[in-house]
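First up is the structure itself, then whatever we jot down about it.
For the numbers below, each heavy atom of this structure counts, side chains included, while hydrogens, waters and symmetry mates do not. In what follows, every chain begins at residue 1, and chains take the letters A, B, ... in the order their sequences are listed.
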Amino acid sequence: MAVATPSEAPAAADAARPGRFRSWLAAVGILSPPVSWLVLFFLVPIGIVAAYSVGALSFFPGDQALSLGGWERFFRGSIYLSLFWKSVRISLTVSVVSVLLAYPIAFFLALGAKKRKYVLLLVIIAPFLTSYLLRVLAFKVILGDEGLINTFFYSLHMRSPGHPIPWLLYSQFTVMLVLAYVWVPFVALPIFVALENLDQSLLEGASDLGASRWQTFWRVTFPLSVPGVMAAFVFVFIPTIGEFVTPLLVGGTRGFMYGNAIADLFGPGFDWQTGSVLALFLLAVTAALALVFGRFLQIRSVAAE
Amino acid sequence: MFTPTSKNGLRALKVFYGLFVVFLYTPIVLLLLFSFNSGQTPVFPLKSFTLRWYRELLANHELLGALRTSAEVAAGSSAVAVSLGILAAIVLVRRRFFGKGAVSALLISPLVVPYVVFGISLLILFQALSIPLSIITVMIGHVVLSLPYTILVLVPRLERIDVALEEAAKDLGASGWRTFRSITLPLILPAIVSAFMIAFTLSFDEYAVASFVIGRQVTYPIYLFSQLRFPSRLPQVIAVAVLVMTASILVILGTEIGRRMAERKLGAELESGPAGQL
């Protein structure tokens with residue numbers, strides 16, 4: 001079905017440039033498979049979650065019938081709201097650190113490295129394409145009680161065996177470190193694309209007019225790369241704010257995040273109504289972010305050619 | 001000629017890049033190391049060299065089954081995602097129509113929804129429709145997740161193809177389908193392969209959404225996660241991870257190099273005259 005559809009559109013266009021209406025109809029025809037897929041399996045489910053959060057829909061006896069009670073409890077100083085702010089802090093830190101780390105890399109690749117820049121970029125991106133779970137697992141090996149770092153300190157007799165550094169694993173710090181590690185290659189991409197597409201003659205112009213390298217950077221290069229930085233920031237912040245797998249593996253109780261609360265409510269906690277409230281609230285926040293930063297999220301900002 | 005960095009600045013950036021690569025690859029190298037270590041737990045100091053874990057994983061039918069399931073899910077979901085992505089990209093690039101902004105926003109929007117939210121939404125949908133959870137439900141979810149990526153890969157590629165090529169084919173009497181098959185499709189083939197690889201890798205490794213909508217038959221990440229609780233299984237898990245990682249890096253490097261070569265060839269052909277294409 002999916003393969004047969006393209007025939008319709010060019011054929012329709014072929015019919016002597018029909019009217020705008022027919023052309024529009026053809027576009028709708030070709031678009032209907034992808035759009036309906038997303039409507040059916042993406043928009044409708046979210047709508048159902050919204051319905052569930054106010055009790056318009058219910059599968060289990062424990063749910064409240066039609067009421068805003070779930071939302072009220074959520075906003076009236078529930079533990080979930082403070083958990084949300086904790087997750088915001090974690091995600092913000094991760095996003096800022098990732099961008100700070102990735103910027104010099106992207107700058108080097110786009111403006112410093114010459115011929116081999118795509119190879120060097122690929123070296124950075126490759127880990128992003130390997131198993132997420134495994135990269136997280138690797139950090140357990142590094143940060144664990146008998147891991148790389150603790151055994152290093154044992155061998156220097158700076159800590160006695162059996163007394164590992166307490167905050168190294170199962171803490172907020174670990175969650176942030178691992179998240180930054182996981183996302184940093186992805187962050188470098190949009191910044192790289194922004195710097196790569198920068199009109200080099202502007203830099204030469206600035207320098208011809210007497211600007212130092214430093215001035216050129218702050219007055220020309222950096223401002224022009226801001227869209228890339230923004231895109232990078234949003235692309236880390238949105239997935240990390242809802243993160244629950246990494247905290248599950250390396251966070252312990254101290255690294256518990258908002259996403260864990262949602263996953264729990266749909267798992268062992270078994271309170272789908274409250275879970276729907278939490279999920280929808282998170283979605284509203286990320287949607288608002290996407291709208292505000294939407295103009296930076298151009299297709300080209302992530303598609304590295 | 002203006003250089004954006006001084007010599008020392010460039011040197012500093014190079015050193016920073018080097019350290020960054022070390023940071024990125026240390027965990028991966030450690031896994032590689034421990035996959036050959038005879039100790040039951042991945043701790044230092046290393047014991048002796050062994051291939052025992054690799055031998056054991058080849059006899060672990062649960063694990064091999066999970067890998068196979070993941071390959072099936074990934075192949076199915078990426079085939080669907082790429083097909084849908086081609087349709088979407090062609091319309092987005094070649095046509096202007098009312099509501100285009102809204103449609104492209106919708107097509108890209110799965111990128112900005114946290115996986116946990118999407119996962120539970122799908123779970124509620126399938127519950128509402130009384131659809132039993134299985135690898136099909138995972139595939140459905142993965143198509144949604146991959147679709148934006150396939151579009152992001154295909155759109156820039158389509159934009160670089162001269163519309164005149166397609167128009168010429170039509171002027172010469174080719175039908176719409178034939179134009180697509182003989183002109184457009186071969187030209188975007190490298191991008192289709194890239195899109196497929198990205199979708200495949202995404203699905204093969206996807207845990208968060210799958211964890212909500214998986215049935216009895218588990219995929220590789222789900223299996224992996226369940227094994228992390230048993231320390232005795234860890235060496236095997238690490239060994240299989242190394243194999244999968246190596247395979248995926250090789251495949252990605254391979255397709256990337258192939259794509260660049262194809263693009264270079266295409267570039268040369270386009271410059272030497274589009275007439276040669278027809």
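Pairing each heavy atom of B/Leu125 with each of A/Pro45, the nearest pair is CD2-CG, 3.9 Å. Contact detail for B/Val116 and A/Gly259: the closest heavy-atom pair is CG2-O, 3.9 Å. Summarising the geometry of B/Leu31 relative to A/Ala138, their closest heavy-atom pair is CG-CB, 3.8 Å, with the distance given to 0.1 Å. Shown here for B/Pro114 and A/Gly242, the closest heavy-atom pair between the two residues is CB-CA, 4.0 Å. B/Ala208 and A/Val245 get closest at one heavy-atom pair: CB-CG2, 4.2 Å. Between B/Tyr17 and A/Ile105, the shortest heavy-atom contact is CA-CD1, 3.6 Å.
Side-chain atoms of B/Phe212 and A/Phe266, non-hydrogen and from C-beta on, do get closer than 4.5 Å to each other. Looking at A/Val184 and B/Leu24, their side chains come closer than 4.5 Å, going by heavy atoms from C-beta outward. Side-chain contact check for B/Val117 versus A/Leu278: every heavy-atom pair is 4.5 Å or farther apart. Annotation: side chain of A/Pro239 is not in contact with side chain of B/Tyr115 (no heavy-atom distance under 4.5 Å). Two residues are said to be in side-chain contact when any heavy atoms from C-beta on lie closer than 4.5 Å; B/Ile28 and A/Pro127 meet this criterion.
Note: B/Pro110 leads B/Ala247, B/Gly119, B/Pro110 in heavy-atom pairs under 4.5 Å with chain A. Considering only heavy-atom pairs separated by less than 4.5 Å from chain B, the leading option among A/Phe41, A/Tyr132, A/Tyr181 is A/Tyr181. Among B/Glu166, B/Arg181, B/Gln127, B/Arg178, the residue with the largest count of heavy-atom pairs under 4.5 Å with chain A is B/Gln127. Among the candidates A/Val39, A/Ile124, A/Val44, the residue making the largest number of heavy-atom pairs closer than 4.5 Å to chain B is A/Ile124. For the options A/Leu120, A/Leu109, A/Leu137, A/Val28, heavy-atom pairs under 4.5 Å to chain B are most numerous at A/Leu120. Taking chain B as the reference chain and counting heavy-atom pairs below 4.5 Å, the highest number among A/Asn150, A/Ile142, A/Val119 is found for A/Ile142. Chosen from B/Thr246, B/Leu106, B/Leu30, B/Ile238, the residue pairing most often with chain A at heavy-atom distances under 4.5 Å is B/Leu106. Counting heavy-atom pairs closer than 4.5 Å to chain B, the top residue among A/Asp208, A/Leu249, A/Ile241, A/Leu57 is A/Leu249. Residue with the most contacts toward chain A among B/Val237, B/Val143, B/Leu122, B/Val242: B/Val143 (heavy-atom pairs, distance under 4.5 Å).
In this structure, chain A has a heavy atom under 4.5 Å from the side chain of B/Val103, while its backbone stays farther away. If you measure heavy-atom distances from B/Leu234 to chain A, the contacts under 4.5 Å come from the side chain alone. In this structure, chain B has a heavy atom under 4.5 Å from the side chain of A/Leu248, while its backbone stays farther away. Contacts between B/Phe23 and chain A at a heavy-atom distance below 4.5 Å involve backbone atoms as well as side-chain atoms. At a 4.5 Å heavy-atom cutoff, the contact between A/Pro104 and chain B is made by backbone and side-chain atoms alike. At a 4.5 Å heavy-atom cutoff, the contact between A/Leu38 and chain B is made by side-chain atoms alone. Using a 4.5 Å cut-off between heavy atoms, A/Leu101 contacts chain B through both its backbone and its side chain. Neither the backbone nor the side chain of B/Thr184 comes within contact range of chain A; no heavy atoms are under 4.5 Å apart. Using a 4.5 Å cut-off between heavy atoms, A/Trp214 makes no contact with chain B at all. Residue contact with chain B, scored on non-hydrogen atoms closer than 4.5 Å, involves the side chain of A/Leu43 exclusively. Contacts between B/Val91 and chain A at a heavy-atom distance below 4.5 Å involve the side chain alone, from C-beta outward.
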- Message: side chain to side chain contact (heavy atoms under 4.5 Å, CB included), that's the test. Do B/Ile124 and A/Ser276 meet it? Break it down for me.
- Response: CA-CA 9 Å; B/Ile124 295 193; A/Ser276 297; 3.6 Å; yes
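With rounding to the nearest 0.5 angstrom, the CZ atom of B/Arg94 is 11.5 Å from the CD1 atom of A/Ile30. Interatomic distance, OH of A/Tyr52 versus CD1 of B/Ile120, reported as 10.5 Å (0.5 Å rounding). Atom CH2 of A/Trp37 is separated from atom CG of B/Leu87 by 12.5 Å, given to the nearest 0.5 angstrom. In this structure, CG on A/Leu31 lies 9.5 Å from CZ on B/Arg95, to the nearest 0.5 angstrom. Between B/Tyr207 atom OH and A/Leu133 atom CG the span is 7.5 Å, to the nearest 0.5 Å. Here CD1 of A/Ile238 is found 9.0 Å from CG of B/Leu111. Values are rounded to the nearest 0.5 Å.
A distance of 6.0 Å or more separates the ring centres of B/Phe225 and A/Phe244.
Atom NZ of B/Lys14 is surrounded by 12 or fewer heavy atoms from other residues, nucleotides or ligands within 6.0 Å.
Aromatic ring pairs are classed by plane angle as parallel below 30°, tilted from 30° to 60° and perpendicular above 60°; the pair B/Phe118 and A/Phe42 is tilted.
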